[in-house]
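Comments concern the structure below.
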2 protein chains.
Amino acid sequence: MESETATPVKGRPREFCVDKALAEALHVFWAKGYDGASMTDLTEAMGITKPSLYAAFGNKESLFHKALDLYESEKLEYTRAALQQPTARRVAEYYLRGGVDVHAAEGKPQGCMGLISSLACSPEAESIKADVIRRRSSSQRALVERFEQAKREGDLPAHIDAEGLTSLLYAILQGITVQAGAGATRAELERLVDTSLALWPSA
Amino acid sequence: MESETATPVKGRPREFCVDKALAEALHVFWAKGYDGASMTDLTEAMGITKPSLYAAFGNKESLFHKALDLYESEKLEYTRAALQQPTARRVAEYYLRGGVDVHAAEGKPQGCMGLISSLACSPEAESIKADVIRRRSSSQRALVERFEQAKREGDLPAHIDAEGLTSLLYAILQGITVQAGAGATRAELERLVDTSLALWPSA
DNA sequence: CAAATTATATACCGCGCGTTATGGAAAGCG
DNA sequence: CGCTTTCCATAACGCGCGGTATATAATTTG
């Protein structure tokens with residue numbers, strides 16, 4: 001993307017790496033949610049002062065959207081790979097195990113950044129909630145189509161409701177992130193996944 | 001509990017009904033979560049002033065715990081009835097349909113009060129989170145025992161992991177409340193429940 | 001070297017938060 | 001009636017919030 005690593009611009013060069021700072025901001029938002037992350041939390045974690053943050057990222061809200069972009073491209077990349085699994089069961093397994101990997105990883109915040117930031121949101125954070133919901137529903141639509149394809153290909157029984165199954169899979173994923181945030185161990189979440197897959201419809 | 005409805009005490013009598021005020025406070029906490037509900041939100045909805053609130057309920061945190069008591073006794077009463085259903089499938093169905101009834105009811109806040117208040121909680125609300133988690137795990141334990149009883153009674157296959165199944169049922173419930181809070185319609189949630197029950201293991 | 005430009009550092013702004021001090025109003029008790 | 005007790009109403013407290021004005025440091029351009 002960036003064609004030149006040097007600084008061909010005039011003026012004093014900035015003393016921090018924007019990408020590194022954004023990664024730190026993501027970590028804070030992920031751990032505390034949009035409302036829970038204060039500007040002081042963010043600037044301290046990013047190692048910069050408030051004016052630098054505002055100059056580089058606009059304001060708190062636009063910083064969050066950029067952090068959410070990074071979160072989706074890095075942490076939720078596995079959902080794209082999931083859709084290309086050969087069978088519906090494999091798709092579901094990829095989704096669930098990937099969800100556990102991302103949201104119950106050691107050394108990382110426990111739970112889902114989007115869920116945390118969108119559930120209990122203050123009035124001024126309604127646009128945050130709307131953004132998260134919009135992203136979620138767009139990825140849900142892709143999963144519905146994948147399951148309808150599976151029905152045509154015969155690896156999902158014809159009597160199964162693809163939309164209902166998608167909502168169910170997302171519900172399980174959301175439950176996984178909720179329970180991860182509540183302190184569930186990885187082993188407990190894996191039992192949850194195993195049980196889910198044991199009930200998965202076979203063709 | 002209260003043996004006398006009259007006011008046998010000295011001093012100026014209070015001019016509001018404590019139970020009514022608590023019910024209003026519950027509504028606010030349910031809609032906005034613990035952190036999102038400000039004292040001004042609460043006092044305005046309860047129709048009392050801040051000193052009255054502090055005299056009657058202590059502080060914001062103890063008010064929340066009392067509201068959560070009311071929430072559990074009124075809104076989550078169905079979980080007790082659910083455990084007495086004759087089969088594991090009926091228990092699950094009672095849980096899920098009851099969850100939809102409570103958390104996607106018209107004219108009521110959408111979503112689960114405990115989940116909203118415990119997920120993205122500020123540092124000072126850690127005790128709130130701990131309380132919600134404690135209540136949740138105690139009711140989860142009862143469900144595990146109910147499913148183990150079902151295995152002994154033969155209406156649940158022996159190869160099913162009762163703890164995993166309990167975690168799964170709670171995950172679906174949590175997903176239902178998350179999606180209700182995100183604006184899912186009642187019809188969508190009922191499809192989710194129908195699909196869940198279609199996959200439920202039969203003996 | 002000066003001029004122009006951009007980033008940094010410090011201090012500050014107005015605001016809403018949870019909480020409380022203060023003074024007066026309404027009751028029972030002598 | 002005073003006296004005590006309890007509650008209500010107003011106003012204020014200290015604090016941290018998101019956001020910014022001002023001044024200074026570090027560069028490129030002439």
Side-chain angles (χ1 to χ4, degrees), chain A residues 4-22 24-25 28-29 31-67 117 120-128, chain B residues 2 4-22 24-25 28-29 32-67 117 120-128:
Chain A
E4 322 188 24
T5 55
T7 56
V9 293
K10 315 188 281 186
R12 176 175 176 173
R14 72 161 42 99
E15 299 177 352
F16 64 95
C17 170
V18 174
D19 293 341
K20 282 275 183 190
L22 184 58
E24 293 297 330
V28 175
F29 278 131
K32 304 195 168 190
Y34 179 76
D35 289 319
S38 73
M39 293 302 294
T40 303
D41 291 333
L42 291 164
T43 53
E44 284 181 356
M46 299 165 82
I48 62 178
T49 61
K50 286 196 248 184
S52 298
L53 189 155
Y54 277 81
F57 300 101
N59 59 7
K60 185 183 180 183
E61 178 173 345
S62 78
L63 174 62
F64 179 84
H65 290 297
K66 286 164 184 163
S117 298
C121 63
S122 60
E124 76 259 14
E126 279 295 324
S127 76
I128 300 293
Chain B
E2 54 275 2
E4 323 190 24
T5 56
T7 56
V9 292
K10 312 189 281 186
R12 178 176 175 173
R14 72 161 43 99
E15 299 176 351
F16 64 95
C17 170
V18 174
D19 293 340
K20 282 276 183 190
L22 183 59
E24 294 296 331
V28 175
F29 279 131
K32 304 194 168 191
Y34 179 77
D35 289 319
S38 73
M39 294 302 293
T40 303
D41 291 334
L42 291 164
T43 52
E44 284 181 355
M46 300 163 84
I48 63 178
T49 62
K50 289 192 233 182
S52 299
L53 189 155
Y54 276 81
F57 300 101
N59 59 6
K60 186 183 180 183
E61 177 172 344
S62 77
L63 174 62
F64 179 85
H65 289 297
K66 287 164 183 163
S117 298
C121 63
S122 59
E124 76 259 14
E126 279 296 324
S127 77
I128 300 294

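Only this structure's heavy atoms are used, side chains among them; waters, hydrogens and symmetry mates stay out.
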So, taking the atom named [atom1] in [X] and the one named [atom2] in [Y], what distance separates them when rounded to the nearest 0.5 Å?
X	Y	atom1	atom2	value
A:Thr43	A:Leu53	OG1	CG	7.0 Å
A:Tyr54	A:Thr49	OH	OG1	11.5 Å
A:Lys20	A:Met46	NZ	CE	13.0 Å
B:Glu24	B:Cys17	CD	SG	10.5 Å
A:Leu42	A:Lys32	CG	NZ	9.0 Å

Taking [atom1] from [X] and [atom2] from [N], how many angstroms apart are they, rounded to a whole number?
X	N	atom1	atom2	result
A:Leu42	D:dG19	CG	C1'	13 Å
B:Lys60	C:dT20	NZ	P	14 Å
A:Tyr54	D:dG18	OH	P	7 Å
A:Asn59	D:dC17	CG	P	17 Å
A:Glu44	D:dG18	CD	P	12 Å
A:Lys32	D:dG18	NZ	P	11 Å
A:Phe57	C:dA7	CZ	P	12 Å
A:Glu124	D:dG18	CD	C1'	9 Å

List every contact pair, protein side and nucleotides 12-15 of chain D side both N or O, where the distance is under 3.5 Å.
none

Considering every strand and a 4.0 Å limit on heavy-atom distances, what is the contact class for B:Ala56: base, sugar-phosphate, or nothing?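 The residue B:Ala56 makes no contact with any strand.
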Using a 4.5 Å cut-off on heavy atoms from C-beta on, say whether the side chain of B:Ser52 contacts that of B:Arg14.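 B:Arg14 does not reach B:Ser52 side chain to side chain.
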Close side-chain approach of A:Asp35 to A:Ile128, heavy-atom, < 4.5 Å: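 In short, these two side chains do not touch, never coming nearer than 4.5 Å.
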Has the side chain of B:Lys60 got a donor or acceptor atom that lies under 3.5 Å from a matching backbone atom of B:Tyr34?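 Side chain of B:Lys60 to backbone of B:Tyr34, a donor-acceptor pair under 3.5 Å: yes, one is there.
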For B:Ser62, does its backbone N or O pair with a side-chain atom of B:Asn59 as donor and acceptor, under 3.5 Å?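 Between the backbone of B:Ser62 and the side chain of B:Asn59 there is a qualifying donor-acceptor contact (under 3.5 Å).
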Between the protein and nucleotides 5-8 of chain D, which nitrogen or oxygen pairs come in under 3.5 angstrom?
unit_1: D:dT6; atom_1: O2; unit_2: B:Arg12; atom_2: N; d: 3.2
unit_1: D:dC7; atom_1: O4'; unit_2: B:Arg12; atom_2: O; d: 3.4
unit_1: D:dC7; atom_1: O2; unit_2: B:Arg12; atom_2: NH1; d: 3.4
unit_1: D:dC8; atom_1: OP1; unit_2: B:Glu15; atom_2: N; d: 2.7
unit_1: D:dC8; atom_1: OP2; unit_2: B:Ser52; atom_2: OG; d: 3.0

Should A:Thr40 be listed as having a side-chain N or O under 4.0 Å from OP1 or OP2 of D:dC17?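 Yes, because at least one side-chain N or O of A:Thr40 sits under 4.0 Å from OP1 or OP2 of D:dC17.
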